[in-house]
Amino acid sequence: MNNVINSLKSTALSIGETFTPVLTQSKFRETGVLTPTEFVAAGDFLVHHCPTWKWATGDESKVKSYLPKEKQFLITRNVPCYKRCKHMEHKDNLEKIVDEENGDGGWVDTHHYADSTVTESREHAGQIEASGGKQTQVTVEDDNEDDDDDAADMEEFERKGMINNDPLEAPTTTNSTASASTTDDSVVQNTLQTRTYDLNITYDKYYQTPRLWLTGYDEHHKPLSVEKMYEDISQDHAKKTVTMEQHPNLPGSGPMPSIHPCRHADVMMKLIQMVAESGKELEVHMYIMIFLKFVQAVIPTIEYDYTRQFNL
């Protein structure tokens, strides 16, 4: 039933978007939305600080005239997902209610106080390395020493240290000796079977906010079914906040899971107010980095790169 309702909503919103004028005057501080120009600026900031993210064009027949042709949407590929959401133990002390005073009872960040750099999967990976399994470590670093100046207004939102996304990839080992079978069995048992995701961020013209899209793959890089991808989405949001829709720039890809943007501006507006109450000012170029922070409550096990964490 939820899928039918979401499909009808998607059709209605598609029609509505056609008749929605392009936002040209900034309303970021008033309503938490973005103009296409501000979306591009925030995307450029993300790409500069997080080199795993890139701009993409997509299908040329679907290019949006209000965005540069080469900057239609953002994409990051092969993002690791080490475990399913059902394997995550719920802990009340990790929750923070954002926008508690609204009529819906607020938005709950279920892993607000969690340290994303220390997960059970990484402990598992460390055990693999200690046991002698060969691993390839890839570390994404911030290569600009002047970045602190750019983020000075967000100092209180930075957690100690940087996010160090270091997905581990275990190569297949073969052995022609008599003990090959035993060795291979040991390697298989210690290999971390990791799903990966490609993430896209588009500009939603109707809601005037970023929108996140997901495409998942199993450990053999075969596409995941819709139900398999829902295993990596918080059950509080699956088939509600997350809907199956057609990507606006990739018409041949089929329906993809997307985090619906209907509440994005409301959440961002609340965060703007929280920063203002502390005597700071939230800059519009930080929008997508902060957006990636709060949507992590929906996909907590997909370890994408937004470089910095913010304590809100």
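One is the number of the first residue; the rest follow in order along the sequence. Heavy atoms only: backbone and side chains are in, while hydrogens, waters and symmetry mates are out.
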- Query: Do you reckon Ile288 sits in the same ILVMFWY cluster as Phe28, going by side-chain contacts under 4.5 Å, direct or chained?
  - Reply: yes
- From SG (Cys81) to CD (Glu219), nearest 0.5 Å: 11.5 Å
- Message: Is there a side-chain contact between Asp198 and Val79 in this structure, where contact means two heavy atoms from C-beta onward sitting under 4.5 Å apart?
- Response: no
- Evaluate the ring planes of Phe45 and His49, with Trp represented by its six-membered ring, and classify them as parallel (under 30°), tilted (30 to 60°) or perpendicular (over 60°). tilted
- Message: side chain to side chain donor-acceptor pair (under 3.5 Å), that's the test. Do Asn78 and Tyr197 meet it? Break it down for me.
- Response: CA-CA 5 Å; Asn78 300 320; Tyr197 277 83; over 6 Å; no
- Task: Please state whether the rings of Tyr304 and Trp53 are parallel, tilted or perpendicular, taking 30° and 60° as the class boundaries.
- Result: perpendicular
- Distance-only, no hydrogens or angles: does the Arg29 side chain make a donor-acceptor pair with backbone N or O of Ser26 under 3.5 Å? no
- Single-linkage hydrophobic cluster Leu67~Leu250, side-chain heavy atoms < 4.5 angstrom: no
- Correct closest heavy-atom pair for Ser234 and Cys85 would be N-SG, 3.6 Å
- Val242 vs Val298, side chain to side chain contact (heavy atoms under 4.5 Å, CB included): CA-CA, chis, key distance, verdict: CA-CA 8 Å; Val242 177; Val298 182; 3.5 Å; yes
- Item | Short side-chain to backbone donor-acceptor contact, Lys222 and Tyr217, under 3.5 Å | no
- Go through Leu282 and Ile290 one step at a time and tell me if the side chain to side chain contact (heavy atoms under 4.5 Å, CB included) criterion holds. CA-CA 10 Å; Leu282 192 59; Ile290 298 170; 3.2 Å; yes
- Whether Ser258 side chain and Thr243 backbone form a donor-acceptor pair below 3.5 Å: no
- Message: So Leu199 and Leu212, do their side chains get closer than 4.5 Å, heavy atoms only?
- Response: yes
- Non-neighbouring partners of Ala56 that pass side-chain contact (heavy atoms from CB on, under 4.5 Å), sequence neighbours left out: Phe73, Ile75
- Query: Got a second to check how far Thr20's OG1 is from Tyr206's OH, nearest 0.5 Å?
  - Reply: 6.0 Å
- Task: State the NE2-CG distance between His48 and Leu46, to the nearest 0.5 angstrom.
- Result: 11.0 Å
- For Lys64 and Pro248 the tightest heavy-atom approach is NZ-O, 3.7 Å
- Query: Same cluster or not: are Val284 and Val22 linked, directly or through other Ile, Leu, Val, Met, Phe, Trp or Tyr residues, by side-chain heavy atoms under 4.5 angstrom apart?
  - Reply: yes
- What is the minimum heavy-atom distance between Gln246 and Ser253, and which atoms define it? NE2-OG, 3.5 Å
- Query: Hey, does Asn249 have a side-chain heavy atom less than 4.5 Å from the side chain of Asp59?
  - Reply: no
- Item | Contact check, side chains of Tyr287 and Thr209, non-hydrogen atoms, under 4.5 Å | yes
- Item | Side chains of Leu23 and Val33 in contact at under 4.5 Å (non-hydrogen atoms) | yes
- How far does OG1 of Thr202 sit from NZ of Lys205, to the nearest 0.5 angstrom? 13.5 Å
- Query: Does Pro36 reach the side chain of Gln208, with side-chain heavy atoms less than 4.5 Å apart?
  - Reply: no
- Value for NZ (Lys240) from CD1 (Ile259), rounded to nearest 0.5 Å, stands at 15.0 Å
- Note on the structure: Looking only at heavy atoms, the pair that brings Ile201 and Phe39 closest together is O-CZ, 3.8 Å
- Message: Please tell me whether Ile302 and Met289 are part of a single hydrophobic cluster in this structure, the criterion being side-chain heavy atoms less than 4.5 Å apart.
- Response: yes
- Item | Verdict with reasoning, Met244 to Tyr230, per side chain to side chain contact (heavy atoms under 4.5 Å, CB included) | CA-CA 11 Å; Met244 295 296 298; Tyr230 273 128; 3.6 Å; yes
- Query: What's in the same ILVMFWY side-chain cluster as Met256, cut-off under 4.5 Å, chained through other members?
  - Reply: Trp213
- Message: Applying a strict under-4.5 Å side-chain criterion to I, L, V, M, F, W and Y, I'd like to know whether Ile233 and Leu292 cluster together.
- Response: yes
- Item | Any side-chain heavy-atom pair of Pro210 and Tyr203 under 4.5 Å | no
- Item | Residues Glu227 and Ser225: side-chain donor-acceptor under 3.5 angstrom | no
- Message: Using every non-hydrogen atom in the two residues, find where Thr76 and Thr52 come nearest and quote the distance to one decimal.
- Response: OG1-O, 3.1 Å
- Task: Indicate yes or no: at least one non-hydrogen side-chain atom of Met268 is less than 4.5 angstrom from one of His264.
- Result: no
- Note on the structure: Distance col, row Ile272:CD1 vs Glu283:CD, nearest 0.5 angstrom, shows 10.5 Å
- Query: Among Gln72, His247, Arg211, which one satisfies side chain to side chain donor-acceptor pair (under 3.5 Å) with Asn200?
  - Reply: His247
- Message: Per the salt bridge (Lys or Arg N to Asp or Glu O under 4.0 Å) rule, what does the pair list look like for residues 31-56, sequence neighbours excluded?
- Response: Asp44-Lys71
- In a check of side chain to side chain donor-acceptor pair (under 3.5 Å) between Glu231 and each of Lys86, Arg195, Arg84, which one passes? Arg195
- Message: Looking at Pro257, is its backbone amide N or carbonyl O close enough to the side chain of Glu245 to form a donor-acceptor pair, meaning the two atoms are under 3.5 Å apart?
- Response: no
- Task: Run the numbers on Val47 and Trp55 for side chain to side chain contact (heavy atoms under 4.5 Å, CB included), then give the verdict.
- Result: CA-CA 8 Å; Val47 169; Trp55 282 108; 4.0 Å; yes
